Amino acid sequence: MKHLRTHSGLLSLFALFMLVAGMAQAQTKVRVLAYPFPPFFNEDNRTGLTTDLIALLNNLQTDYHFELKVTSPTRRYQQFATARADIIFFEMPTWGWQKTALTFEQTREIMKGGEKYVTANQKGRDQSFFDDLTSKSISAYIGYHYGFANFNANQDWLRQNFHIVLHNSHKRILDLTLKNKVDIGVVTLSYLKKYFYANPQNRSKLLISDRFDQRYSLRTLVRTGAPINVLQLEQLLDQLKQNKQLRGLFIANGLEDQLTY
């Protein structure tokens, strides 16, 4: 009898395993593209608003399995062009997408935001310091599209037209600015909020521009031919909105005042 009970238990475990495996196979995989863009996707290539949103979507339902695919700012277009990724959160079509032959849909606006200029807070410096950027040294993120450059992210062009130093770290941009290694740094307002929360002692050491380099209207781009369409994705986002998990996510990241969805 003991042998029969053990055998029955093994059969039950096997059946459960096959059931779970069958459910996993039934799920439609959706590859979510992300590149370093704190706090939406942090420079550790693991954490951020995007990964948290993926977790919420996967816990919400079983029809789709959202899977993170990491890339760089300059390679994100190629990932869509070769169908290696399906959607990208917190993006704007004007960030180079309109210059490609790619076709895509976009969701309703998810959040607003923008980028600000910062400089070391020295005696005699005021908002007029940001009036003329062509005469200043600038630190910015490689592969990003900036308003002061008319959204041209070509590195050679940027270096020819501005005294610019490109980096792949927002913290490095602020460090160079604080140490007067460059005159001006360009960073996202959302990153600044999190940075000052973690480094309150540096708030008074930086002068932040009143004007924006650019204002964001961030959405999700969905590649034409992706296994999920905009309507289906928005239905899921609507559920996260209704159960207040979407707002909770933004509150946890200190960005509730930028959520518009």
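Please read all numbers here as calculations on a predicted model, not as lab measurements. We count residues from 1, following the sequence as given. Scope of the values below: all heavy atoms of this structure, side chains included, with no hydrogens, waters or symmetry mates.
Taking NZ of K205 as the reference point, atom CG of L174 lies at 12.5 Å (rounded to 0.5 Å). Between the CZ atom in R31 and the CG atom in L33 there is a gap of 10.0 Å [rounded to 0.5 Å]. In this structure, the separation between OG on S135 and CD1 on I184 is 8.0 Å, given to the nearest 0.5 Å. Taken to the nearest 0.5 Å, the CG atom of L49 stands 6.5 Å off from the CG atom of L255. Taken to the nearest 0.5 Å, the CD atom of Q98 stands 9.5 Å off from the CE atom of M92. Interatomic distance, CZ of R76 versus OG1 of T74, reported as 8.5 Å (0.5 Å rounding).
A heavy-atom distance below 4.5 Å is not found between the side chains of K116 and T188. With a 4.5 Å cut-off on side-chain heavy atoms, D183 and I138 do not count as touching. Residues P93 and L221 form a side-chain contact, since some pair of their non-hydrogen atoms from C-beta on lies under 4.5 Å apart. Side-chain contact between F250 and Q258: absent, with no pair of heavy atoms (C-beta onward) separated by less than 4.5 Å. Using a 4.5 Å heavy-atom threshold, the side chains of T119 and V182 count as separate. Looking at heavy atoms from C-beta onward, F162 lies in side-chain contact with W157 at the 4.5 angstrom threshold. Proximity of L206 to F196: side-chain heavy atoms (C-beta onward) are separated by under 4.5 Å at one or more points. Within the 4.5 Å cutoff, the side chain of Y195 has no heavy atoms near those of the V187 side chain.
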Show your working on side-chain contact (heavy atoms from CB on, under 4.5 Å) between E105 and N229 and close with a plain yes or no. CA-CA 8 Å; E105 298 178 282; N229 60 40; 4.1 Å; yes
What verdict does the side-chain contact (heavy atoms from CB on, under 4.5 Å) test give for N161 and F148, after you've listed the backbone C-alpha separation in whole Å, the side-chain angles of each residue and the deciding distance to 0.1 Å? CA-CA 11 Å; N161 289 272; F148 72 84; over 6 Å; no
Stepwise side-chain hydrogen bond (donor to acceptor under 3.5 Å, both in side chains) test for Q245 and N59: CA-CA 11 Å; Q245 285 184 302; N59 290 333; over 6 Å; no
Using the rule given for side-chain contact (heavy atoms from CB on, under 4.5 Å), can you reason through F80 versus D86, listing the C-alpha separation, both sets of side-chain angles and the distance that settles it, and then say yes or no? CA-CA 7 Å; F80 260 44; D86 303 309; over 6 Å; no
Go through the steps to decide whether L56 and F66 satisfy the test side-chain contact (heavy atoms from CB on, under 4.5 Å), and finish with yes or no. CA-CA 10 Å; L56 288 180; F66 293 85; over 6 Å; no
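Looking only at distances, no side-chain donor or acceptor of R223 sits under 3.5 Å from a matching main-chain atom of I87. Looking only at distances, a side-chain donor or acceptor of R211 sits under 3.5 Å from a matching main-chain atom of F130. The backbone N or O of T62 lies less than 3.5 Å from a partner atom in the side chain of Q27, making a donor-acceptor pair.
With respect to the salt-bridge test (charged N to carboxylate O, under 4.0 angstrom), the residues D175 and K179 do not qualify. Salt-bridge formation is detected for the pair R108/D238: a Lys NZ or Arg NE/NH1/NH2 atom is positioned less than 4.0 Å from an Asp or Glu carboxylate oxygen. Taking the charged nitrogens against the carboxylate oxygens, D257 and K193 do have a contact shorter than 4.0 Å, which makes a salt bridge.
Scored by the side-chain hydrogen bond (donor to acceptor under 3.5 Å, both in side chains) test, N42 finds T47 as partners (sequence neighbours excluded). In terms of the side-chain hydrogen bond (donor to acceptor under 3.5 Å, both in side chains) criterion, residue partners of D126 (sequence neighbours excluded) are, by chain and number, S128.
At a cut-off of 3.5 Å, with distance as the only test, no side-chain donor of E67 or N58 sits close to an acceptor on the other residue. Y35 and E91 share a donor-acceptor pair across their side chains, judged by distance under 3.5 Å alone. If you check the side chains of Y117 and D213, you find a donor sitting under 3.5 Å from an acceptor. Side chain to side chain, N152 and Y146 fail the donor-acceptor criterion of an N or O pair below 3.5 Å. Judged by distance alone, the side chains of D63 and Q61 never bring a donor and an acceptor atom under 3.5 Å apart. In this model, a donor atom of one side chain and an acceptor atom of the other lie less than 3.5 Å apart for E109 and S217. Using modelled atom types, one finds no donor on one side chain facing an acceptor on the other under 3.5 Å when comparing Q106 with W97. Counted by atom type alone, E115 and Y216 present one or more donor-acceptor pairs between their side chains at under 3.5 Å. Looking at R46 and T51, their side chains never bring a donor and an acceptor atom within 3.5 Å of each other.
Relative orientation of the Y144 and Y141 rings is parallel, given thresholds of 30° and 60° on the angle between their planes.
Cation-pi geometry between R125 and F129 is met: under 6.0 angstrom from the ring centre, within 45 degrees of the axis.
The shortest heavy-atom contact between L158 and A149 is CD2-CB, 3.5 Å. For the residue pair P38 and S190, the shortest heavy atom distance occurs at O-OG, 4.5 Å. Heavy atoms only, all atoms of each residue included: G147 and Q214 are closest at N-NE2, 4.3 Å.
Here W95 and Y77 keep their ring centres 6.0 angstrom or further from each other.
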